[in-house]
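One structure is given here, and the rest of the page talks about it.
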Amino acid sequence: MSFSIKANLNKTRSSIPKHVSLVAVSKTKPIEDIQKAFDAGQRIFGENKVQELREKQPNLPNDIEWHMIGHMQSNKVKYIAPFISLIHGVESFKLIKEINKQGLKNNRVIRILLQFHIADESTKFGFKIEEVLEILNSNEFKTLKNIEVQGVMGMASFVSDHEKIRKEFSNLQAIYEQLKNSFFANQETFNILSMGMSGDYKIAINEGSTMIRLGSSIFGARY
């Protein structure tokens, strides 16, 4: 069976609405595969390990938007702060403050998404809404000028029950609307609802997702 990254990308793009951003999850994939996707018009790529991201970034076109989509450790922010476009999995105030600190050092505002825990699995990371409300209301948060919260993200339970997945995405959509209508009502750049991966992105889009993260459906299965 012939396999084409370009064909997979074209097929995927034709199946999603224009307003939905596609993050090509390139973790574990070689530079050659990422270049093929780039040549086919893809510009946003997601990595989940800082070391791998650092190794790939200098060897690929500099107009790629790199997204950090994995669990982010505070002590590793400094390595990607000079070039990262968006950090998805922000799930502690400690991490928010470190990203702001590294943004200041690099004279740039770093874009972030607040990660919420919407699944049943305890292995997934994320805030509870009460924690985020406390942070956003704090005086300390209001002093942070080198981060920009652009939305929220979350991962549904890894199950075959589509109704359960739909409810979890619906819960995240409600959180997004709550924050957008309160803390970010005057911020046009708060417009990202990042949810949906290769197995459940169609459900996510139906529930309001504006950004999906697809790996295997573009690059093929990981071995």
Side-chain angles (χ1 to χ4, degrees), residues 20-23 25 27 43-54 56-57 62-118 124-155 172-196 208-213:
V20 176
S21 297
L22 170 61
V23 180
V25 179
K27 63 181 183 180
R43 290 296 178 270
I44 307 174
F45 293 89
E47 292 283 334
N48 73 335
K49 288 190 168 62
V50 167
Q51 183 60 34
E52 192 176 342
L53 179 51
R54 288 179 74 197
K56 288 176 176 177
Q57 188 264 340
N62 59 15
D63 57 334
I64 284 178
E65 272 191 48
W66 290 107
H67 288 200
M68 180 64 190
I69 61 172
H71 178 56
M72 185 82 233
Q73 294 173 299
S74 296
N75 62 352
K76 293 188 175 177
V77 174
K78 61 190 175 194
Y79 298 118
I80 61 172
F83 65 84
I84 198 70
S85 178
L86 183 66
I87 299 177
H88 285 231
V90 177
E91 38 74 48
S92 74
F93 198 13
K94 177 186 175 185
L95 181 56
I96 291 172
K97 289 186 280 189
E98 181 62 24
I99 294 170
N100 184 79
K101 176 183 169 183
Q102 297 301 330
L104 182 60
K105 280 186 179 178
N106 287 275
N107 195 31
R108 62 189 299 250
V109 175
I110 298 177
R111 302 156 61 218
I112 67 171
L113 301 180
L114 302 175
Q115 179 171 358
F116 285 87
H117 190 283
I118 58 171
K124 290 194 167 74
F125 298 95
F127 282 116
K128 294 183 174 71
I129 184 63
E130 297 80 14
E131 296 172 308
V132 166
L133 295 179
E134 187 176 335
I135 289 168
L136 296 178
N137 274 311
S138 71
N139 289 328
E140 189 174 9
F141 176 80
K142 290 164 188 167
T143 67
L144 306 180
K145 304 301 182 190
N146 288 81
I147 54 152
E148 182 173 67
V149 180
Q150 293 207 324
V152 305
M153 70 84 69
M155 290 181 282
L172 187 61
Q173 198 273 342
I175 288 170
Y176 168 78
E177 291 295 337
Q178 179 183 347
L179 295 179
K180 187 170 180 63
N181 293 330
S182 52
F183 293 96
F184 302 101
N186 298 317
Q187 186 179 311
E188 288 182 12
T189 51
F190 188 90
N191 56 15
I192 299 174
L193 175 52
S194 175
M195 58 187 190
S209 176
T210 65
M211 181 175 282
I212 57 175
R213 306 178 300 280

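All figures in this text were calculated on a predicted structure; none of them were measured in a lab.
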Report task. Answer yes or no: is there a donor N or O on one side and an acceptor on the other, between the side chain of Ser209 and the main chain of Met195, under 3.5 Å? Result ->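 Yes; at least one donor-acceptor contact below 3.5 Å.
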Query raised in the report: Any donor and acceptor pair, going by atom type alone, linking the side chain of Asn146 with main-chain N or O of Arg108 inside 3.5 Å?
Result: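 Yes: the side chain of Asn146 pairs with the backbone of Arg108.
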Quick check: do [X] and [Y] have side-chain heavy atoms less than 4.5 Å from each other?
X      : Y      : answer
Ile44  : Leu22  : no
Ile69  : Phe45  : no
Ile135 : Phe127 : yes
Val50  : Met68  : yes

Qualifying residues under side chain to side chain contact (heavy atoms under 4.5 Å, CB included), relative to [X], sequence neighbours excluded:
X      : result
Ser194 : His88, Leu113, Met153, Ile192, Met211, Arg213
Ile175 : Phe116, Ile129, Leu179
Lys49  : Glu52
Ser182 : none

Query raised in the report: Do you know which two heavy atoms are closest between Leu86 and Ile112, and how far apart they sit?
Result: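 Shortest heavy-atom contact: CD1-N, 3.7 Å.
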Once salt bridge (charged side-chain N to carboxylate O under 4.0 Å, His left out) is applied, do any residues pair with [X], and if so which ones, sequence neighbours excluded?
X      : answer
Glu91  : none
Arg43  : Asp63
Glu134 : none

Looking at [atom1] of [X] and [atom2] of [Y], how far apart are the two atoms once the value is rounded to the nearest 0.5 Å?
X      : Y      : atom1 : atom2 : result
Ile99  : Leu144 : CD1   : CG    : 10.5 Å
Asn75  : Leu95  : CG    : CG    : 10.5 Å
Gln187 : Gln150 : CD    : CD    : 7.0 Å
Leu133 : Phe183 : CG    : CZ    : 5.5 Å

Query raised in the report: Who are the side-chain hydrogen bond (donor to acceptor under 3.5 Å, both in side chains) partners of Glu131, not counting sequence neighbours?
Result: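 Scan of Glu131 (side-chain hydrogen bond (donor to acceptor under 3.5 Å, both in side chains), adjacent residues dropped) gives none.
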Query - All side-chain hydrogen bond (donor to acceptor under 3.5 Å, both in side chains) counterparts of Gln51, not counting sequence neighbours - result: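 By the side-chain hydrogen bond (donor to acceptor under 3.5 Å, both in side chains) rule, Gln51 matches Glu55.
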Report task. Any chance you could lay out the side-chain contact (heavy atoms from CB on, under 4.5 Å) test for Val149 and Phe141, step after step, and finish with the verdict? Result -> CA-CA 11 Å; Val149 180; Phe141 176 80; 4.1 Å; yes
Throw together a table of side-chain donor-acceptor distances under 3.5 angstrom for residues 76-85, partners on residues two or more places apart or in other chains.
unit_1, atom_1, unit_2, atom_2, d
Lys76, NZ, Gln73, OE1, 3.4
Ser85, OG, Glu65, OE1, 3.3
Ser85, OG, Arg111, NH1, 2.8

Requested in this report: Mind running side-chain contact (heavy atoms from CB on, under 4.5 Å) on Leu114 and Ile96 for me, showing each step along the way?
Outcome: CA-CA 9 Å; Leu114 302 175; Ile96 291 172; 4.0 Å; yes
Query raised in the report: Between His67, Lys56, Gln57, Arg54, which is the residue that forms a side chain to side chain donor-acceptor pair (under 3.5 Å) with Glu47?
Result: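 It is Lys56, the one option of His67, Lys56, Gln57, Arg54 that forms the side chain to side chain donor-acceptor pair (under 3.5 Å) with Glu47.
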Query raised in the report: For residues 140-154, which residue pairs qualify under salt bridge (charged side-chain N to carboxylate O under 4.0 Å, His left out), counting only residues two or more places apart or in two chains?
Result: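 Applying salt bridge (charged side-chain N to carboxylate O under 4.0 Å, His left out) to every pair that reaches into residues 140-154, excluding sequence neighbours, yields Lys97-Glu140.
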**Report entry** Chi angles and distances behind the side-chain contact (heavy atoms from CB on, under 4.5 Å) call for Thr210, Asn191
**Finding:** CA-CA 8 Å; Thr210 65; Asn191 56 15; over 6 Å; no
Query raised in the report: In this structure, are over 12 heavy atoms from other groups packed under 6.0 Å from Asn107 atom CG?
Result: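 Result for CG/Asn107: open.
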Query raised in the report: With sequence neighbours left out, what residues match Phe184 under ring-ring contact (aromatic ring centres under 6.0 Å, His included)?
Result: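 If we apply the ring-ring contact (aromatic ring centres under 6.0 Å, His included) test to Phe184, skipping adjacent residues, the hits are Phe190.
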